[in-house]
Chemist: 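The structure follows.
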Amino acid sequence: MATHTYTGSCHCGAVRYECELDLAAGTRRCNCRFCLKTRMWKAFALGEGTFRLLQGADVLSDYRARDSSWPDGHVHHYFCGHCGVRGFSKGYLDMAPFDGWFHAVNVATLAFPCRTKTAATKRGTIRR
C-alpha cells in the first residue's frame, strides 16, 4: 500500500484537512440512499492518524439518517455549516480492511496539482 498525503477543503475554505490515501488502490461510490443523493465518491483513510482536521471543527455539522443501520456513534457524515460541502465521513467497522475507525474522504474535495489547459472561446475562457 503506497499512501500519499493529500489536502482537501470545502468550497468556502472554512473546513480544511489532510489525509493519507492510496488512490491507486481505487475509489468507491457507495450505494446507500444518502451517498447516492449526495453523489459521494470516496477513498478511505484507514486507521488512527491518517486523517487530520486542520481547521473548521467549529463549523462542521454532523448528519445521521433516522433509519440508519449503523450503530449509534459509528457513523458521522460531516459537512461545512457555511457552504454545505460534504468533505468526509467518519465511521467504525470491526472488519478488514477497516479494522476500527476510518474516514471516507470525498475525492472531489481534494486539492490536486493544477493540470488544466486553457482554451479560448467566443464567450470567454474554459478550463479543461
Side-chain angles (χ1 to χ4, degrees):
M1 184 157 123
T3 63
H4 298 281
T5 302
Y6 294 91
T7 60
S9 69
C10 63
H11 183 260
C12 71
V15 177
R16 292 182 44 248
Y17 64 87
E18 69 179 13
C19 56
E20 309 301 319
L21 301 172
D22 181 5
L23 294 181
T27 59
R28 299 193 177 133
R29 287 198 182 268
C30 182
N31 64 357
C32 78
R33 290 180 302 150
F34 180 66
C35 288
L36 284 173
K37 291 276 187 183
T38 59
R39 297 180 178 241
M40 179 70 160
W41 175 29
K42 58 190 165 189
F44 294 106
L46 302 174
E48 293 296 319
T50 60
F51 182 93
R52 293 164 296 285
L53 186 62
L54 302 176
Q55 86 180 32
D58 57 327
V59 299
L60 281 178
S61 292
D62 185 359
Y63 174 77
R64 177 182 164 83
R66 284 177 281 174
D67 60 348
S68 176
S69 60
W70 287 75
D72 280 342
H74 282 211
V75 68
H76 302 275
H77 301 295
Y78 292 110
F79 61 95
C80 175
H82 293 300
C83 67
V85 168
R86 179 181 170 204
F88 57 92
S89 295
K90 182 177 181 181
Y92 181 88
L93 284 174
D94 194 17
M95 59 187 281
F98 305 100
D99 297 322
W101 288 103
F102 65 92
H103 284 82
V105 178
N106 184 346
V107 294
T109 64
L110 296 176
F112 289 101
C114 184
R115 296 185 198 139
T116 61
K117 294 181 182 178
T118 304
T121 68
K122 290 181 182 179
R123 295 182 184 239
T125 303
I126 297 177
R127 292 199 175 264
R128 297 187 237 186

Chemist: So, do T50 and C19 sit near enough that their side-chain heavy atoms are less than 4.5 Å apart?
Modeler: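 Not in contact.
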
Chemist: Drop me the distance from H74's NE2 to L93's CG, to the nearest 0.5 angstrom.
Modeler: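 Rounded to the nearest 0.5 Å, the NE2-CG separation comes out at 9.0 Å.
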
Chemist: Do C10 and T109 have side chains that approach each other closer than 4.5 Å (heavy atoms only, starting at C-beta)?
Modeler: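 C10 does not reach T109 side chain to side chain.
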
Chemist: Which heavy atom in A43 sits nearest to a heavy atom in T27, and how many Å separate them?
Modeler: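 Scanning both residues completely, I find the closest heavy atoms to be CB-CG2, 4.2 Å.
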
Chemist: Between D62 (side chain) and H76 (backbone), is there a donor-acceptor pair under 3.5 Å?
Modeler: no

Chemist: Would you compute the distance between atom CZ of F98 and atom NE2 of H103 and round it to the nearest 0.5 angstrom?
Modeler: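 NE2 of H103 is found 13.0 Å from CZ of F98.
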
Chemist: With a sphere of 6.0 Å drawn around CH2 of W101, does it hold more than 12 non-hydrogen atoms of other residues, nucleotides or ligands?
Modeler: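 Yes, because the 6.0 Å sphere around CH2 of W101 holds more than 12 heavy atoms from other groups.
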
Chemist: Do the side chains of L60 and V85 join up, straight or via other hydrophobic residues, at under 4.5 Å, putting them in one cluster?
Modeler: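 Cluster IDs for L60 and V85 differ.
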
Chemist: Give me the ring orientation class for Y6 and H4: parallel if the planes are under 30° apart, tilted from 30 to 60°, perpendicular past 60°.
Modeler: perpendicular

Chemist: Can you find a pair of side-chain heavy atoms, one from L110 and one from L21, that are under 4.5 Å apart?
Modeler: yes

Chemist: How far does OG of S9 sit from CD of Q55, to the nearest 0.5 angstrom?
Modeler: 9.0 Å

Chemist: Are any non-hydrogen side-chain atoms of F102 and K90 less than 4.5 angstrom apart?
Modeler: no

Chemist: Does the side chain of Y17 reach to within under 4.5 Å of the side chain of R52, using non-hydrogen atoms?
Modeler: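 Contact flag for Y17/R52 side chains = no.
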
Chemist: Per the ring pair (Phe, Tyr, Trp, His ring centres under 6.0 Å) rule, which among F51, F44, F79 passes with F88?
Modeler: F51

Chemist: When rounded to the nearest 0.5 angstrom, what distance separates CG in N106 from OG1 in T38?
Modeler: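 N106 atom CG to T38 atom OG1 measures 7.5 Å (nearest 0.5 Å).
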
Chemist: Evaluate the side-chain proximity of M40 to R29: yes if any heavy-atom separation is below 4.5 Å, no if none is.
Modeler: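 Heavy-atom side-chain distance check fails, nothing below 4.5 Å.
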
Chemist: Do E18 and T7 pass the side chain to side chain donor-acceptor pair (under 3.5 Å) test, and can you show the C-alpha distance, the side-chain angles, and the key distance before you say yes or no?
Modeler: CA-CA 4 Å; E18 69 179 13; T7 60; over 6 Å; no

Chemist: Quick one: does L54's side chain get under 4.5 Å of V15's, heavy atoms only?
Modeler: no

